[in-house]
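Below, all heavy atoms of this structure are taken into account, side chains as well, without hydrogens, waters or symmetry copies. Atoms within a ligand are numbered from 1 in the order they appear, just like the ligands themselves.
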Amino acid sequence: MSDATQGRAGGLLTSTIALKIAMAVSGAAFAGFVLFHMVGNLQIFSGQEAYNDYAAFLQGLGGLLWVARIGLLALIGIHVASAVTLWSRNRAARPEEYRRTETLRTSTSARLMLETGLIVVFFVVYHLLHFTVGAVHPEHYGVLDPLGRPDIFGNLVRSFQDPLIAGAYIVGNVALASHLSHALTSMFSTLGLAVGRFRRPAELVGPTFAIVVLVGNLSMPIACLLGIVQVEVTTP
Ligand code: HEM
């Protein structure tokens with residue numbers, strides 16, 4: 001192999017590792033957001049006033065909220081761009097599909113990373129159009145609570161009482177849990193942390209985290225569908 005070819009191959013390997021690290025770190029940061037977001041949203045079980053207090057607190061962060069929103073967008077951008085680059089490099093290096101044997105030792109969530117990742121991206125866009133922009137299901141958006149604040153609680157509950165909307169959230173969150181389950185475990189391997197006695201615990205982090213987030217996030221649409229959480233007070 002010539003020096004030039006060797007240099008190119010070395011550069012490609014370094015940039016592949018850099019892309020994998022970028023994907024792991026942006027994914028882990030987004031997973032952190034998902035956990036905090038879920039804990040905050042569980043306020044829905046404390047009722048309209050408590051939930052709208054929490055939403056008003058977030059809105060009151062003003063500039064800081066925008067820094068967080070732009071940071072989140074950047075994380076999603078970095079994560080998706082590295083995933084697409086790695087995926088197309090992988091395909092270019094292996095134009096013919098491997099036969100059956102390749103997938104035998106991989107889990108379902110590992111095999112469905114591309115599909116679940118795409119569903120999560122669609123879900124996040126739909127979710128932002130729903131709650132942040134109010135462009136979809138506008139009939140639930142922009143209503144005020146008895147204290148004159150945006151009734152985000154009322155929007156959530158009325159939305160989730162519609163089986164189609166609740167169903168979309170259930171599908172999005174199942175895809176997210178499957179994606180996170182493999183992603184977090186594989187992140188430890190990428191960062192070289194799943195070795196020796198840390199290998200087994202590292203393998204459990206992804207599935208455990210995914211189940212916690214799945215149960216927390218599904219509890220909300222399901223509780224509204226079943227009438228366990230209801231809108232208490234509406235503005236005249
Ligand atoms: C049942 C589960 C969920 C509920 C009830 C929920 C609820 C909400 C609400 C009400 C908002 C708007 C907050 C506001 O404008 O004051 C919001 C924003 C947001 N959610 Fe969710 N969410 C859920 C799951 C998720 C998941 C799984 C993700 C990511 C994969 C996510 C990502 C976001 C993002 C990025 C924002 C924008 C933050 C902002 O604009 O301030 N959410 N969510």
Do the side chain of [X] and the main chain of [Y] share a donor and acceptor less than 3.5 angstrom apart?
X: Tyr169; Y: Phe123; answer: no
X: Ser178; Y: Val174; answer: no
X: Asp145; Y: Glu49; answer: no
X: Ser181; Y: Ala177; answer: no

For [atom], which protein heavy atom lies nearest, and how many Å away is it?
atom: atom 28 (C) of ligand 1; result: Phe123 CE2, 4.1 Å
atom: atom 5 (C) of ligand 1; result: Leu156 CD2, 3.5 Å
atom: atom 37 (C) of ligand 1; result: Leu128 CD2, 3.3 Å
atom: atom 33 (C) of ligand 1; result: His127 CD2, 3.4 Å
atom: atom 40 (O) of ligand 1; result: Arg69 NE, 2.8 Å

Asn155 contact mode with ligand 1 (heavy-atom cut-off under 4.0 Å):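 None of Asn155 does.
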Region of Asn41 engaging ligand 1 - heavy atom pairs below 4.0 Å: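 Side chain only.
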Check against side chain to side chain contact (heavy atoms under 4.5 Å, CB included), Ile152 and Tyr54: CA-CA 10 Å; Ile152 315 275; Tyr54 163 69; over 6 Å; no
Asn217 N/O to ligand 1 N/O under 3.5 Å: no
Heavy-atom protein neighbour under 4.0 angstrom from atom 11 (C) of ligand 1: yes
Within a distance under 4.0 Å of any heavy atom of [X], pick out the atoms of ligand 1 and give their elements.
X: His37; value: 6 (C), 7 (C), 8 (C), 17 (C), 18 (C), 19 (C), 20 (N), 21 (Fe), 22 (N), 23 (C), 24 (C), 25 (C), 31 (C), 33 (C), 42 (N), 43 (N)
X: Leu176; value: 27 (C)
X: Asn173; value: 27 (C)
X: Thr132; value: 37 (C), 40 (O)
X: Phe30; value: 29 (C), 30 (C)
X: Tyr51; value: 10 (C)
X: Ile152; value: 10 (C), 16 (O)
X: Gln59; value: 14 (C), 15 (O), 16 (O)

Can you tell me how far apart [atom1] ([X]) and [atom2] ([Y]) are? Round to the nearest 0.5 Å.
X: Tyr141; Y: Ser159; atom1: OH; atom2: OG; result: 11.5 Å
X: Glu203; Y: Ser107; atom1: CD; atom2: OG; result: 10.5 Å
X: Asn52; Y: Asp151; atom1: CG; atom2: CG; result: 5.0 Å

Side chain to side chain contact (heavy atoms under 4.5 Å, CB included) evaluation trace for Leu225 with Phe160: CA-CA 6 Å; Leu225 264 183; Phe160 288 159; 5.9 Å; no
contact_flag Phe57 ligand 1 heavy-atom lt 4.0 Å: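 Phe57 does not count as a contact of ligand 1 under the 4.0 Å cut-off.
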The single option from Gln48, Gln43, Arg149 passing side chain to side chain donor-acceptor pair (under 3.5 Å) against Asp53: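 Running side chain to side chain donor-acceptor pair (under 3.5 Å) over Gln48, Gln43, Arg149 with Asp53 returns exactly one hit, Arg149.
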Ser109-His182 side chain donor-acceptor pair, cut-off 3.5 Å: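 No, no side-chain donor-acceptor contact under 3.5 Å.
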